[in-house]
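In the text below, chain A, chain B and the rest are named by the order of the sequence lines, each starting its count at 1. The figures that follow rest on heavy atoms only: side chains count, while hydrogens, waters and symmetry mates do not. Keep in mind it's a predicted model, so treat the numbers as computed, not measured.
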Amino acid sequence: MPTTDPPRSLNFIEQIIENDNTSGKHDGRVHTRFPPEPNGYLHIGHAKSFCLNFGLAEKYGGKCNLRFDDTNPTKEEEEYVESIQEDVRWLGFDWEDRLLFASDYFEQMYEFAVELVKQGKAYVCDLDAEQTREFRGSLTAPGKDSPYRDRTVEENLDLFTRMRKGEFPDGSRTLRAKIDMASPNVNLRDPVVYRILHATHHRTADAWCIYPMYDWAHGLEDSIERITHSICTLEFENHRPLYDWFLDQLGVYHPQQIEFARLNLTYTVMSKRKLLRLVEQGHVDGWDDPRLPTIGGLRRRGYTPETIREFCDRIGVNKFNSTVEIALLEHCVRADLNKRSPRVMGVLRPLKVVIDNYPEDQIEQLDAVNNPEDPDAGTRQVPFTRELYIERDDFMEDPPKKFFRLTPGREVRLRYAYFVTCVDVVKDEATGEVVELHCTYDPATRGGDSPDGRKVKATIHWVSATQSIPAEIRLYDHLFTKEFPEEAEEGEDFMANLNPASLERLTDCRVEPSLAGAEPGARYQLERQGYFCVDPDSTSESLVLNRTASLRDTWAKIQKAQQNKPKQKQPRRKK
RNA sequence: UGGGGAAUAGUGUAACGGCAGCACGAGUGACUCUGAAUCACUUAGUCUAGGUUCAAAUCCUAGUUCCCCAACCA
């Protein structure tokens with residue numbers, strides 16, 4: 001039987017491409033590009049864009065360029081060029097020999113500008129920035145022609161040449177396209193094409209003192225690279241007429257600009273400006289803080305490239321703004337990590353347990369399954385001893401209904417080990433806090449099964465008190481307390497919605513000895529807790545784990561529901 | 001008072017004149033040596049009002065709401 005997967009429906013960009021391919025518009029070629037400006041770190045919103053661009057090229061047997069749109073030397077730095085490449089590569093994309101820079105086309109762009117001047121379609125304007133703005137008019141009122149609009153071609157050529165030579169100070173003149181100062185689209189009101197900027201560029205150094213504007217540069221970059229589909233975000237929709245106008249005047253190869261909606265995620269922020277503020281004001285610990293939606297942050301958090309690609313695939317592509325629930329990202333990472341993570345046991349908040357009837361100095365090695373989702377992952381041994389730690393949350397002295405774990409007098413299973421029964425609770429006399437538990441074990445249940453068929457309601461994890469190793473574990477929660485962090489009270493902004501509990505450091509954790517020497521980046525599932533990865537802060541003597549995602553927690557939901565309607569339960573307090 | 005876009009369950013997306021479907025979320029149950037995973041079931045939608053048509057999410061008209069645009073940023 002031919003199992004034909006139902007073909008995934010095409011998004012609107014794929015539809016355009018397939019139409020172009022059948023009509024032969026670009027001779028069936030598909031050539032896209034990811035054109036970041038090297039002025040910041042990449043985040044998952046960028047991942048949506050480059051997964052789209054590289055993915056389309058992959059799907060249609062085409063190519064995708066990595067092109068740095070480095071036309072503004074005052075904002076751009078080599079550091080970002082490096083980190084952007086690292087991130088795109090980490091996601092698994094290959095630009096082969098097409099690592100490109102807009103700055104490599106500066107000479108060609110200049111010559112095209114000279115051509116535009118010669119055609120009488122561009123002029124040197126002496127208005128300063130403020131005057132230019134005034135002359136542009138408003139959204140509802142037309143602009144006024146610049147007094148320099150009608151200079152002769154010869155004069156424009158001379159002035160433009162001298163602009164390049166560096167004869168004029170910054171801001172004193174611009175080259176402007178001569179289009180229409182009354183256009184209802186303000187982008188067409190004689191847009192600036194070149195500005196004077198005596199700044200050192202990270203690649204061309206001081207070779208230039210005039211730099212092209214985005215609208216002029218971008219279409220030319222696409223044209224020079226013979227891009228077929230130039231995919232950008234929605235806010236450039238208004239710029240498309242200008243993109244088209246420049247290429248039409250020049251009569252050069254003309255790619256098609258297509259706009260799609262950028263990604264928004266709940267409980268986080270995505271703009272470079274806001275992320276920068278979080279980093280600079282120290283609310284997070286650098287650009288790769290695991291709470292950030294940056295690629296570096298997600299990597300450090302323990303996300304895999306496959307997770308991010310799967311997520312970008314699932315969210316779709318459209319032309320209207322939407323906000324994806326972060327729960328979908330979390331679902332993707334759990335699904336991925338569930339399949340691939342080795343399981344280990346670790347106790348986040350240790351509670352000491354003494355097995356009274358277990359021999360004092362005995363150490364048993366018990367077999368544990370490495371990954372029930374992957375039979376090839378095999379088994380390992382975990383040491384069992386008389387003194388153990390279990391999770392504090394796995395014991396309650398006075399449990400509510402539906403609490404299945406350890407309580408006084410109740411028998412539970414220690415995973416892969418024995419059935420144990422709690423026989424005594426030791427408390428701190430001053431505070432009343434439970435500090436130690438005494439249990440007995442049933443030697444017949446070694447390995448976790450009872451020969452008499454006795455059942456227990458719960459299986460809890462544990463580590464040996466003497467054979468486990470210490471670890472620091474960092475628990476992360478949403479960076480903001482609100483789904484839409486921008487929704488702030490009058491006079492406040494998104495910073496007011498920062499989650500004060502977005503990071504919790506647990507320094508007294510204990511993990512099973514198989515984790516000794518784990519390398520940064522290694523990923524594990526701590527059973528019944530979540531997915532974790534080894535942080536680069538780890539050293540050979542101190543292990544640091546980041547929680548990538550918790551496991552789904554039905555018990556937590558039950559607890560929450562019980563707390564939310566405590567009506568009938570109140571009177572049980574008494575003694 | 002201008003111009004450009006866009007509206008489908010709580011969220012994200014399909015359906016391209018012919019049974020409104022999928023995923024996430026939420027809920028219920030089964031199973032379970034992870035209260036995980038897995039499995040089953042449930043929940044809930046075409047912005048509004050007209051019109052065309054045997055038939056409209058889809059076409060037409062009018063309206064409503066939301067987003068973007070007045071850097072020598074990208």
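Counting only Watson-Crick and G-U wobble pairs whose two distances sit under 3.5 Å, RNA chain B takes part in these stems of three or more pairs: B:2-7 with B:64-69, B:10-13 with B:21-24, B:25-30 with B:38-43, B:47-51 with B:59-63.
Atom name P, nucleotides B:G5 and B:A44: the rounded distance is 37 Å, in whole Å. Taking atom C1' in both B:C24 and B:G4, the straight-line distance is 33 Å, to the nearest Å. Separation of the C1' atoms belonging to B:C47 and B:A57 is 12 Å when rounded to the nearest angstrom. When the P atom is compared between B:A9 and B:G45, the two are found 9 Å apart, to the nearest whole Å. Rounded to whole Å, the separation between the C1' atoms of B:G10 and B:G27 comes to 13 Å. For the P atoms, the distance from B:A56 to B:C16 is 15 Å, rounded to whole Å. Look at the P atom in both B:C54 and B:A40: the space between them is 43 Å, to the nearest Å. The same atom, C1', is picked in B:U52 and in B:G3; the two are 31 Å apart, to the nearest Å.
Across all strands shown, A:Arg552 has heavy atoms under 4.0 Å from sugar-phosphate atoms exclusively, and none from any base. Within 4.0 Å (heavy atoms only), A:Leu414 reaches no atom of the nucleic acid at all. Note on A:Arg189: nothing from the nucleic acid sits closer than 4.0 angstrom, heavy atoms only. Using a 4.0 Å heavy-atom cutoff across all strands shown, A:Phe403 reaches at least one base atom of the nucleic acid. The residue A:Thr323 sits close only to the backbone: its heavy atoms come under 4.0 Å of sugar-phosphate atoms, none of a base. Within 4.0 Å of A:Lys557, counting heavy atoms only, lie sugar-phosphate atoms of the nucleic acid but no base atom. At a threshold of 4.0 angstrom between heavy atoms, the contacts of A:Pro241 with the nucleic acid are absent. A:Glu259 comes within contact range of no nucleotide atom at all, as no heavy-atom separation falls under 4.0 Å. Among the heavy atoms of the strands lying under 4.0 Å from A:Thr554 are primed sugar atoms or P, OP1, OP2 only; no base atom is included. Contact annotation for A:Gln525: base contact, defined as any heavy-atom pair under 4.0 Å involving a base atom. When heavy atoms are screened at a 4.0 angstrom cut-off, A:Arg415 is found touching base atoms of the nucleic acid.
Under the side-chain hydrogen bond (donor to acceptor under 3.5 Å, both in side chains) criterion, A:Tyr194 pairs with no residue at all, not counting sequence neighbours. Scored by the side-chain contact (heavy atoms from CB on, under 4.5 Å) test, A:Glu306 finds A:Thr304, A:Asp336, A:Arg340 as partners (sequence neighbours excluded). For the side-chain hydrogen bond (donor to acceptor under 3.5 Å, both in side chains) test, residues two or more places apart in sequence or in another chain that qualify with A:Asn65 are A:His31, A:Arg98, A:Glu225. Scored by the ring-ring contact (aromatic ring centres under 6.0 Å, His included) test, A:His461 finds no partners at all (sequence neighbours excluded). Partners of A:Lys402 according to the side-chain hydrogen bond (donor to acceptor under 3.5 Å, both in side chains) rule, which considers only residues two or more places apart in sequence or in another chain, do not exist here. Listed by chain and number, the residues in a side-chain contact (heavy atoms from CB on, under 4.5 Å) with A:Leu10 are A:Glu14, A:Gln15, A:Glu18, A:Lys59, A:Tyr60 (sequence neighbours excluded). Applying the side-chain contact (heavy atoms from CB on, under 4.5 Å) test to A:Arg413 and every residue at least two apart in sequence or in another chain returns A:Phe419, A:Asp449, A:Val456, A:Thr459.
In this structure, CG of A:Asn264 is placed 13 Å from C1' of B:C66, rounded to the nearest angstrom. Protein atom CG of A:Asn338 is 13 Å distant from nucleotide atom P of B:U34, rounded to whole Å.
Under the 30°/60° scheme for interplanar angles, the aromatic rings of A:Phe34 and A:His46 are found to stand perpendicular.
Per the stacking criterion (ring centres < 5.5 Å, plane angle < 30°), A:Phe320 does not stack onto the base of B:G5.
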task: Sugar-phosphate means primed atoms, P, OP1 and OP2; the rest is base. With that split, encode nucleotides 67-74 of chain B 5' to 3' as B, S or - using protein heavy atoms under 4.0 Å.
output: SBBBSBSB
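In summary, A:Arg203 and A:Glu78 do not engage in a salt bridge, as defined by a charged side-chain N under 4.0 Å from a carboxylate O. Salt-bridge check for A:Arg454 with A:Asp442: passed, with a basic side-chain N closer than 4.0 Å to an acidic carboxylate O. Using a 4.0 Å cut-off between charged nitrogen and carboxylate oxygen, A:Glu37 and A:Lys75 do not count as a salt-bridge pair.
Annotated as syn: B:A71, whose O4'-C1'-N torsion sits within 90° of 0.
Looking at the side chain of A:Ile315, the nearest of the listed nucleotides B:A37, B:G12, B:C24 is B:G12. For A:Glu373, whose side chain is taken as the heavy atoms from C-beta onward, the closest listed nucleotide among B:C16, B:G25, B:A36 is B:A36.
For A:Arg343 against B:U34, a side-chain-to-base donor-acceptor contact under 3.5 Å is present.
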